[in-house]
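Okay, structure first, notes after.
Each ligand, and each atom within it, is numbered from 1 in the order the structure gives. Just so you know, these numbers come straight off a predicted model, no measurement behind them.
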Amino acid sequence: MHADLLSALPQNGRLTLGPGAWLLAGFASKRADELVAEVHRIAEAAPFRFMTTRGGHTMSVAMTNCGDVGWVTDRAGYRYAATDPLSGLHWPAMPPLFRELAKQAAAAGGFPDFSPDACLINRYAPGARMSLHQDRDERDLDAPIVSVSLGLPAAFLFGGQRRSDRPRRVLLRSGDVGVWGGPSRLAFHGIGPLPPGSDPLCGPYRFNLTFRTAL
Ligand code: MD3
Ligand code: FE
């Protein structure tokens, strides 16, 4: 199955990908320019960097964080840390716009009590990808994750509870927001290699914000 499900949807439709998994097409579109400006502001204090996996591979996605804690990986493994290992300083605070948007999206997806304390910011250049994985480094796996896509479109791979479950492909476009909780919280997922392009807001990049309750 190669069809881009969302391209068949209205600009502001919603699509359920599984129990507790919602894609809110265009939910963040109206604030996209402000969101991107905040990303650039955060990256001035905590620059995007290519982290190293536990296995010693350099990731193709560049990352930074804002919030009380940030997701980091190095040869010691995956964890949430209160400070940026590059500077030793606390991660930049989560902008109120980020927090408000994440809470509104979670409520629209059926999670009215979401209160994120971490926001991982991913930057994809052409060819960057994220292989199938589960997000399980957060303490409270009952809390959902909210994801906001900005810039160039990318193929999202949404699998099942097992790595071997064949993933669905869905095109994620700028302004699309995902809410993943309940039985879908531990679904395997990934992003296919970013096709080159030029986005009016983000140029050659795709940014993705993921809001998490890590602590
Ligand atoms: C489905 N990021 O940072 S966001 C990640 O677009 C990550 O950068 C991707 O996967 C990106 O960990 C995908 C969409 C997403 C995030 C978390 C999920 C989908 C999810 C958790 C469970 C199920
Ligand atoms: Fe993930």
Side-chain angles (χ1 to χ4, degrees), residues 5-6 15-25 27-28 35-36 39 48-51 53-54 59-67 69-73 77-80 98 101-102 105-106 109-111 114 116 118-163 165 167-195 199 202 205-214:
L5 291 168
L6 272 185
L15 171 72
T16 180
L17 291 175
W22 287 99
L23 216 41
L24 309 174
F27 191 88
L35 293 166
V36 171
V39 168
F48 284 99
R49 79 292 306 268
F50 297 96
M51 296 189 197
T53 65
R54 193 202 312 267
M59 299 183 77
S60 61
V61 178
M63 298 176 167
T64 186
N65 292 277
C66 65
V69 288
W71 187 84
V72 296
T73 174
Y78 308 137
R79 64 194 175 279
Y80 282 91
F98 278 24
L101 184 78
F111 298 91
F114 186 51
C119 175
L120 171 64
I121 306 174
N122 294 330
R123 188 190 70 192
Y124 294 74
R129 58 192 289 277
M130 194 173 285
S131 54
L132 277 187
H133 66 279
Q134 294 172 297
D135 290 15
R136 51 187 322 153
D137 301 320
E138 299 74 31
R139 193 157 309 164
D140 178 11
L141 296 178
D142 290 333
I145 289 180
V146 170
S147 116
V148 178
S149 292
L150 298 164
L152 289 179
F156 177 56
L157 309 169
F158 189 71
Q161 306 300 313
R162 282 173 302 221
R163 187 179 291 281
D165 294 341
R168 278 169 86 175
R169 281 173 65 101
V170 180
L171 190 70
L172 291 181
R173 294 181 296 198
S174 197
D176 289 348
V177 176
V179 180
W180 328 92
S184 294
R185 177 62 179 76
L186 288 177
F188 279 89
H189 60 279
I191 295 285
L194 189 78
D199 178 80
C202 301
Y205 295 120
R206 169 178 186 264
F207 296 105
N208 182 264
L209 320 175
T210 46
F211 295 92
R212 303 142 184 274
T213 307

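Shown in contact with Arg185 at under 4.0 Å from a heavy atom are these atoms of ligand 1, numbered in order with element: 21 (C), 22 (C). Residue Ser147 has at least one heavy-atom neighbour below 4.0 Å for each of these atoms of ligand 1: 4 (S), 14 (C). The atoms of ligand 1 that sit less than 4.0 Å from any heavy atom of Leu120 are 3 (O). The contact set between ligand 1 and Asp135, taken as ligand atoms under 4.0 Å from a residue heavy atom, comprises 12 (O), 17 (C). Those atoms of ligand 1 that come under 4.0 Å of a heavy atom in Arg206, given as number and element, are 6 (O), 8 (O), 11 (C). Contact atoms of ligand 1 toward Ser184: 22 (C), 23 (C) (distance under 4.0 Å to a heavy atom of the residue). Below 4.0 Å from some heavy atom of Ile145 lie the following atoms of ligand 1, by number and element: 17 (C). Heavy-atom contacts of Met130 reach the following atoms of ligand 1: 2 (N), 5 (C), 7 (C), 10 (O) (cutoff under 4.0 Å).
Looking only at N/O/S atoms, Asp135 comes nearest to the Fe ion (ligand 2) through OD1.
Between the side chains of Arg206 and Ser149, a donor-acceptor pair is found at a separation under 3.5 Å.
In this structure Phe156 satisfies the ring-ring contact (aromatic ring centres under 6.0 Å, His included) test together with Phe158, Trp180, sequence neighbours excluded. Taking the ring-ring contact (aromatic ring centres under 6.0 Å, His included) definition, one finds that Tyr78 meets it with Trp71, sequence neighbours left out.
His189 places a side-chain N or O within 3.5 Å of a backbone atom of His133 that can act as its donor or acceptor partner. Between the side chain of Thr210 and the main chain of Ser147, no donor-acceptor pair closer than 3.5 Å is present. In this structure, the side chain of Arg163 engages the main chain of Leu132 through a donor-acceptor pair within 3.5 Å.
In terms of protein heavy-atom proximity, atom 16 (C) of ligand 1 is closest to Trp180 NE1, 3.7 Å. If you check which protein heavy atom lies closest to atom 3 (O) of ligand 1, you get Asn122 ND2, 3.0 Å.
Across the listed options Trp71, Phe156, Tyr124, Tyr124 owns the non-hydrogen atom lying nearest to atom 11 (C) of ligand 1. Closest heavy-atom approach to atom 13 (C) of ligand 1 within the set Leu23, Ile191, Leu194: this belongs to Ile191. Of the listed options Arg212, His133, Arg129, His189, His189 places a heavy atom closest to atom 18 (C) of ligand 1.
A salt bridge is absent between Asp137 and Arg79: the closest approach of a Lys/Arg side-chain nitrogen to an acidic carboxylate oxygen does not fall below 4.0 angstrom.
Aromatic ring centres of Phe207 and Phe48: separated by under 6.0 Å.
For the atom pair CZ (Arg212) and CD (Glu138), the distance works out to 5.0 Å, reported to the nearest 0.5 Å.
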